[in-house]
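Heads up: the structure comes next, in C-alpha cells.
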Amino acid sequence: MNASPQFGFTPGDILVVTGAASGIGRATAHQAAGAGLTVAAWDLDGDGAATTVAEITEAGGTALAVTADVSVAEQVDEGFARSRELGTVRYLVNNAGPSSAVELDFDEALRISVGSMRRMVETFLSPAPTGAAVVNIASVAGNVIGTASDWYCASKSAVAGYTRHLAAYRSHEVRANSVAPGMTDTPRLAGFASSEVGQRALERVPLHRMGTPEEIGWAVLFLLSPLASYVNGVFLPVDGGWTVTQ
Ligand SMILES: NC(=O)c1ccc[n+]([C@@H]2O[C@H](COP(=O)([O-])OP(=O)(O)OC[C@H]3O[C@@H](n4cnc5c(N)ncnc54)[C@H](O)[C@@H]3O)[C@@H](O)[C@H]2O)c1
C-alpha cells in the first residue's frame, strides 16, 4: 500500500483522532492510516472530516468520518457509539481545541479545551480496552511560554497536568502522554511565517522555521504505538528547540 513506518501497530486496530479535518489532526489521521490503523476521523466540520476520510480511502487506508463537537457530551457519546461499530477503539488522540486567537470566556474555554479531553478519555475507557493508549495535544504555550489569551495558557497547562494524572493513577487502564507542538504550519497559523511578528518569532527558534503538521504527527504516533510501551506520562515538546532557548 505504501512505505509508511508501521510503528508496531496491529493492522486494523482502531484509533479515534479529534480535529481530523485540518492541520495536526488531519496529518495524524493520514499517518495512522498509513501505519495500518483504522481511523475514526472526528471533527465538528463534518465535510472536512469526510474529505480526510476520502483521501485516506483513496490512498488505500480505512477510515470513518464522525461529525462531533467534542465539547458536547451527547455528541461524544454518539461519536464513540459510531466509532465502536468498527470494533474496539484501542487508541485516542485528543487533538481538537480552539485557536488561542479566539476570544472566549475563561471558564467556558477550560471546559471546551480540557474538559472535552477528559470527557473523551472517560468515554474511551468505559470500558478500558486492553493495550489502550492516549496522546493529548498540549502546547509549549502555557507550559513554557506565555500567550496573550489567559485561557489558552491555562488550558494547555491543564492538558499536561491531566495527562500526568492519567499516567500516574490510571496506568492499569491506559498509557498516557502529551505532545506539545511549537509553532506549526496549520491553517490556523496561515500567513504567520511571512508576517513581521512571525519572522521575529521564528528567529528565536533554533531550527528557524515552523514545524509541519506531519512532524507533530510522527511524535504522536510513536507515543501512541507499542514501540513506546514503557513511555508513560511524558510531556514531549516538538518545537524545533524553541523552548530550550527561552
Ligand atoms: N498550530 C500550532 O502552532 C499549534 C501549536 C501548539 C498546539 N496546537 C494545538 O494543536 C491542536 C490542533 O491545532 P491545529 O493547528 O492543527 O488546528 P486547525 O485549526 O488546523 O485544526 C483544528 C481542527 O479541530 C476542529 N475542532 C475544533 N474544535 C473542535 C471541537 N470542539 N470538536 C471537534 N472538532 C473541533 C476544527 O474544526 C479543525 O478541523 C490544537 O489543540 C492546538 O491548540 C497547535
Side-chain angles (χ1 to χ4, degrees), residues 16-31 40-53 65-80 83 92-102 104 108-120 123 135-147 149 151-160 162-163 178-193 195 197-198 201-202 205 209-217 219-220 235-240 242-243:
V16 166
V17 183
T18 67
S22 177
I24 293 166
R26 176 175 172 274
T28 304
H30 276 277
Q31 291 164 302
W42 290 36
D43 208 290
L44 51 75
D45 170 7
D47 290 343
T51 301
T52 299
V53 165
V66 175
T67 307
D69 181 335
V70 295
S71 69
V72 179
E74 300 72 33
Q75 295 190 29
V76 170
D77 290 345
E78 282 165 26
F80 268 100
S83 304
L92 170 64
V93 177
N94 261 326
N95 164 73
S99 158
S100 63
V102 177
L104 290 171
E108 179 65 358
L110 260 74
R111 189 190 70 74
I112 293 173
S113 308
V114 65
S116 68
M117 291 196 184
R118 178 178 181 273
R119 180 172 294 282
M120 288 292 296
T123 314
V135 171
N136 296 321
I137 303 301
S139 173
V140 296
N143 296 285
V144 187
I145 288 167
T147 59
S149 52
W151 67 263
Y152 192 79
C153 275
S155 65
K156 288 305 189 184
S157 281
V159 169
Y162 172 59
T163 307
S178 61
V179 165
M183 288 174 276
T184 309
D185 192 5
T186 70
R188 77 173 51 175
L189 284 190
F192 181 75
S195 70
V197 173
L202 291 174
V205 176
R209 63 172 177 85
M210 298 175 92
T212 66
E214 288 76 16
E215 287 173 313
I216 310 301
V220 171
F235 169 83
L236 177 62
V238 184
D239 66 350
W242 186 22
T243 54

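Side-chain atoms are counted along with the backbone in the values below, which use heavy atoms only and exclude waters and symmetry mates. The structure presented is a predicted model; accordingly, all values stated were derived computationally and were not measured. Atoms within each ligand, like the ligands themselves, are counted from 1 in listed order.
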Heavy-atom closest contact ([X] atom, [Y] atom, distance):
X    : Y    : answer
S157 : N143 : CA-OD1, 3.4 Å
A49  : D43  : CB-CB, 4.0 Å
V70  : S116 : O-CB, 3.2 Å
G240 : V205 : O-CG1, 3.8 Å
G182 : V140 : CA-CG2, 3.8 Å
F235 : A160 : CD1-CB, 3.8 Å

Side chain, backbone, both or neither: the part of [X] lying under 4.0 Å from ligand 1 by heavy atom:
X    : result
W42  : neither
L189 : side chain
A68  : backbone
M210 : neither

Look at [atom] and say which protein heavy atom is nearest, naming residue and atom and giving the distance to 0.1 Å.
atom                    : result
atom 20 (O) of ligand 1 : S22 OG, 2.6 Å
atom 43 (O) of ligand 1 : Y152 OH, 2.7 Å
atom 17 (O) of ligand 1 : R188 NE, 3.0 Å
atom 26 (N) of ligand 1 : A96 CB, 4.0 Å
atom 24 (O) of ligand 1 : G19 CA, 3.3 Å
atom 30 (C) of ligand 1 : L44 CD2, 3.4 Å
atom 3 (O) of ligand 1  : T184 N, 2.9 Å

Any side-chain heavy-atom pair of V93 and N136 under 4.5 Å: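 They are not in side-chain contact.
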Note, V72 side chain near V76 side chain (heavy atom, < 4.5 Å):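 Answer no - side chains too far apart.
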Sub-4.0 Å heavy-atom approach of Q75 to ligand 1: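 Flag not set, Q75 not near ligand 1.
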G48 touching ligand 1 at heavy-atom level, < 4.0 angstrom: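 No.
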Side-chain (D185) to main-chain (G211) donor-acceptor, under 3.5 angstrom: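 It does not hold such a pair.
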Any donor-acceptor pair under 3.5 Å from S149 side chain to W151 backbone: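 Looks like no, no N/O pair under 3.5 Å.
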SB check E215 R209 (cutoff 4.0 Å):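 Looking at E215 and R209, the cut-off is met.
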Tell me which one of [options] gets a heavy atom nearest to [atom].
atom                    : options              : value
atom 37 (O) of ligand 1 : D45, V17, D43        : D43
atom 1 (N) of ligand 1  : V238, I24, T186      : T186
atom 41 (O) of ligand 1 : I137, V70, N95       : N95
atom 4 (C) of ligand 1  : S139, A20, G182      : G182
atom 7 (C) of ligand 1  : S71, G25, A138, A180 : A138

Trace of the side-chain contact (heavy atoms from CB on, under 4.5 Å) decision for M210 with T184: CA-CA 5 Å; M210 298 175 92; T184 309; 5.8 Å; no
Atoms in ligand 1 flagged as close to M183, the criterion being non-hydrogen separation under 4.0 Å: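 Taking each heavy atom of M183 in turn, ligand 1 has 3 (O) under 4.0 Å.
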Those atoms of ligand 1 less than 4.0 Å from some heavy atom in D69: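 Selected atoms, number and element: 30 (C), 31 (N), 32 (N).
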